[in-house]
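Along the sequence shown, the residues carry numbers beginning at 1.
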Amino acid sequence: MRFFIADDDRAVRSILRQIIEDEDLGEAAGEAEDGSQVEGHMLQFKQIDILLIDLLMPERDGIETIRQLQNTYSGKIVMISQVEAKEMVGEAYSLGIEYFIHKPINRVEIVTVLQKVKERIELEQSIGAIQHSLSRLGNRTEPKARPQQKGDSGLKEAGTFLLSELGMMGEGGSHDLMAVLQYLSEHEQSEPYEKHIPSLKQIFTQVAERKLGAGASETEVNREMKASEQRIRRAIIHSLHHFASLGTTDFSNPKFETYASKFFDFSVVSQKMKELQSKDAKPLAPAKVNMKKFIHVFFLEAKLLCETMKERRI
């Protein structure tokens, strides 16, 4: 069973993680210090079975976060909070949480509740397996349908997860990066022995032509190429700011350690961190980002995540 913990109190997150591991309830597969860092696609990608979430958090509280998750996350939710107002507790239950546990944390209560939620999940899985078996038995004389190709959807899911991890979700260039990812995937399949990814010019030309259609003029394609490149560059710089902020706050932040050195040269990240720490509002120097490196790493990481996802589902 995989758990995700969202609470602005680091000590609470640590206690919950320790209880989960000590009592052999499952794996604490991730955590966040605010509801704004919890997205449905991320929970689904991490295959989170149970979300433990605090009600009161600085930027986005538990209630609003659950509302945002309603159409994107299908797992179970347990709310843990000091709040005792009946109206707020009732609203949490109306949004579909399984249990509301009041702080301070009681180890016995946590273990009991999580065991019950685990049992419910396992029961639902058993019923689903039985229904699936009966369905196959009833349809065994029918011709087999052609299996759907999941490669594209898996790569899209991996790309979306990466955009979130890189702090780029919602940026204009995020759509362009997903289009680039799709093109590179198809290019690799058509030319499997290619050692290097295509040039940036080739990438942006192909993506622009696909977006505009066959009837687009050369002028329109060139204009879209430049616009797409600018959007992606702005998104990459936004990601650089994101990681510099994480590193300035906590150099051992898991996301900073995992992604910053992969997607950016350390000297560039270090320079941006110095700018953030400096009282001078002016940047020390214009941020220089290696767009081709970023795109190449984005593609390779998305492929790796896609393969990891497949292995988990087997």
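- Ion pairing between Lys293 and Asp265 holds under the 4.0 Å rule for side-chain N and carboxylate O.
- Panel note: side chain Ser228, backbone Met225; no donor-acceptor pair is recorded below 3.5 Å.
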Before giving the answer on side-chain contact (heavy atoms from CB on, under 4.5 Å), spell out for Leu16 and Ile110 the whole-Å C-alpha distance, their side-chain angles and the decisive distance to 0.1 Å.
-> CA-CA 8 Å; Leu16 290 172; Ile110 291 289; 3.9 Å; yes

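- At least one donor-acceptor pair closer than 3.5 Å links the side chain of Thr65 to the backbone N or O of Asp61.
- Using a cut-off of 4.0 Å between Lys/Arg side-chain N and Asp/Glu carboxylate O, Glu98 and Lys116 are scored as not salt-bridged.
- Around atom CG of Asn71, no more than 12 heavy atoms belonging to other residues, nucleotides or ligands sit under 6.0 Å away.
- Ala29 approaches Ile48 most closely through the heavy-atom pair CB-CD1, 3.8 Å.
- Taking the six-membered ring for Trp and the full ring otherwise, Phe263 and Phe243 have centroids separated by 6.0 Å or more.
- When all heavy atoms of Gln37 and Ala32 are compared, the pair lying nearest together is OE1-CB, 3.4 Å.
- Heavy atoms only, all atoms of each residue included: Leu184 and Ile203 are closest at CD2-CD1, 4.0 Å.
- No donor-acceptor distance shorter than 3.5 angstrom exists from the side chain of Ser36 to the backbone of Glu59, with no hydrogens or angles considered.
- The pair Glu186-Arg210 counts as a salt bridge, with a side-chain nitrogen and a carboxylate oxygen less than 4.0 angstrom apart.
- Atom CD1 of Ile80 sits about 11.5 Å away from atom CG of Leu55, to the nearest 0.5 Å.
- Using a 4.5 Å heavy-atom threshold, the side chains of Arg234 and Glu171 count as separate.
- Ion pairing between a basic and an acidic side chain is recognised when a charged N comes within 4.0 Å of a carboxylate O; Glu218 and Arg223 show no such pairing.
- Taking both residues in full, the closest heavy atoms of Ala244 and Lys272 are given as CB-CG, 3.4 Å, listed atom of the first, atom of the second, then distance.
- Side-chain contact between Ser239 and Tyr259 is absent, with no heavy atoms from C-beta onward closer than 4.5 Å.
- Put simply, the side chain of Gln230 never gets that close to the backbone of Ala227: no donor and acceptor are under 3.5 Å apart.
- Ion pairing between a basic and an acidic side chain is recognised when a charged N comes within 4.0 Å of a carboxylate O; Asp54 and Lys103 show such pairing.
- With respect to the salt-bridge test (charged N to carboxylate O, under 4.0 angstrom), the residues Glu229 and Lys226 do not qualify.
- Panel note: side chain Lys118, backbone Leu25; a donor-acceptor pair is recorded below 3.5 Å.
- Leu212 and Ala216 make their closest contact through CB-CB, 3.5 Å (heavy atoms, listed as atom of the first residue, atom of the second, distance).
- Residues Phe4 and Leu43 form a side-chain contact, since some pair of their non-hydrogen atoms from C-beta on lies under 4.5 Å apart.
- Separating the CD atom in Gln18 from the CD atom in Glu23 is a distance of 10.0 Å, to the nearest 0.5 Å.
- Between the CG atom in Leu240 and the NE2 atom in His238 there is a gap of 10.5 Å [rounded to 0.5 Å].
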Should Met1 and Ile121 be marked as a side-chain contact (heavy atoms from CB on, under 4.5 Å) after you check the CA-CA gap, both sets of side-chain angles, and the distance that decides it?
-> CA-CA 9 Å; Met1 208 60 60; Ile121 292 174; 3.9 Å; yes

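- Distance check: Thr160 OG1 to Glu39 CD gives 11.5 Å after rounding to the nearest 0.5 Å.
- Ser81 OG to Asp7 CG: the interatomic distance, rounded to the nearest 0.5 Å, is 8.5 Å.
- Tyr99 meets the ring-ring contact (aromatic ring centres under 6.0 Å, His included) test with no other residue; sequence neighbours excluded.
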Evaluate the criterion side chain to side chain donor-acceptor pair (under 3.5 Å) for residue pair Glu119 and Gln115; output intermediate values, then yes/no.
-> CA-CA 6 Å; Glu119 289 170 3; Gln115 285 285 14; over 6 Å; no

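- In this structure the side chain of Ser185 reaches within 4.5 angstrom of the side chain of Phe299, judged on heavy atoms.
- Note: Lys201 NZ to Gln206 CD = 12.0 Å, rounded to the nearest 0.5 Å.
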Given the rule in the side-chain contact (heavy atoms from CB on, under 4.5 Å) test, do Asp22 and Arg107 qualify, once you have shown the distances and angles that lead to the verdict?
-> CA-CA 11 Å; Asp22 289 351; Arg107 188 184 189 93; 3.3 Å; yes

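- Follow the hydrophobic side-chain contacts under 4.5 Å out from Ile236 and you reach Phe266 in the same cluster.
- Taking the six-membered ring where the residue is Trp, Phe45 and Phe161 present parallel rings, their angle staying beneath 30° rather than reaching 60°.
- More than 12 heavy atoms of other shown residues, nucleotides or ligands fall within 6.0 angstrom of atom NE2 in His41.
- Judged purely by atom type and a 3.5 angstrom limit, Tyr93 uses its side chain to pair as donor or acceptor with the backbone of Phe100.
- Asp49 has no carboxylate O lying under 4.0 Å from a charged side-chain N of Arg2, or vice versa, which leaves the two without a salt bridge.
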Hey, mind stepping through Glu91 and Lys86 against salt bridge (charged side-chain N to carboxylate O under 4.0 Å, His left out) and telling me if it holds?
-> CA-CA 8 Å; Glu91 185 176 5; Lys86 293 182 179 179; over 6 Å; no

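- Residue Ile53 comes nearest to Met57 through the heavy atom pair CG1-CE, 3.7 Å, listed as atom of the first residue, atom of the second, then distance.
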His102 and Gln82: side-chain contact (heavy atoms from CB on, under 4.5 Å), yes or no, with the steps?
-> CA-CA 5 Å; His102 292 99; Gln82 292 178 329; over 6 Å; no

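- Proximity of Val180 to Ile232: side-chain heavy atoms (C-beta onward) are separated by under 4.5 Å at one or more points.
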Verdict with reasoning, Arg17 to Glu31, per salt bridge (charged side-chain N to carboxylate O under 4.0 Å, His left out) | CA-CA 9 Å; Arg17 185 172 61 249; Glu31 59 182 61; 2.4 Å; yes

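- In summary, Glu33 and Arg10 do not engage in a salt bridge, as defined by a charged side-chain N under 4.0 Å from a carboxylate O.
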Take Arg13 and Asp8 through the test salt bridge (charged side-chain N to carboxylate O under 4.0 Å, His left out) and record every step on the way to the result.
-> CA-CA 8 Å; Arg13 298 199 305 271; Asp8 60 334; over 6 Å; no

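- Counting heavy atoms from C-beta on, the side chains of Leu155 and Leu305 never come closer than 4.5 Å.
- Tyr183 and His187 have tilted rings, their planes meeting at an angle from 30° to 60° on a 0 to 90° scale.
- Inter-residue side-chain proximity for Ile5 and Ile20 is flagged as met; some heavy-atom pair is nearer than 4.5 Å.
- Residues Ile101 and Glu109 form a side-chain contact, since some pair of their non-hydrogen atoms from C-beta on lies under 4.5 Å apart.
- For His296 and Phe298, the ring centers sit 6.0 Å or farther from each other.
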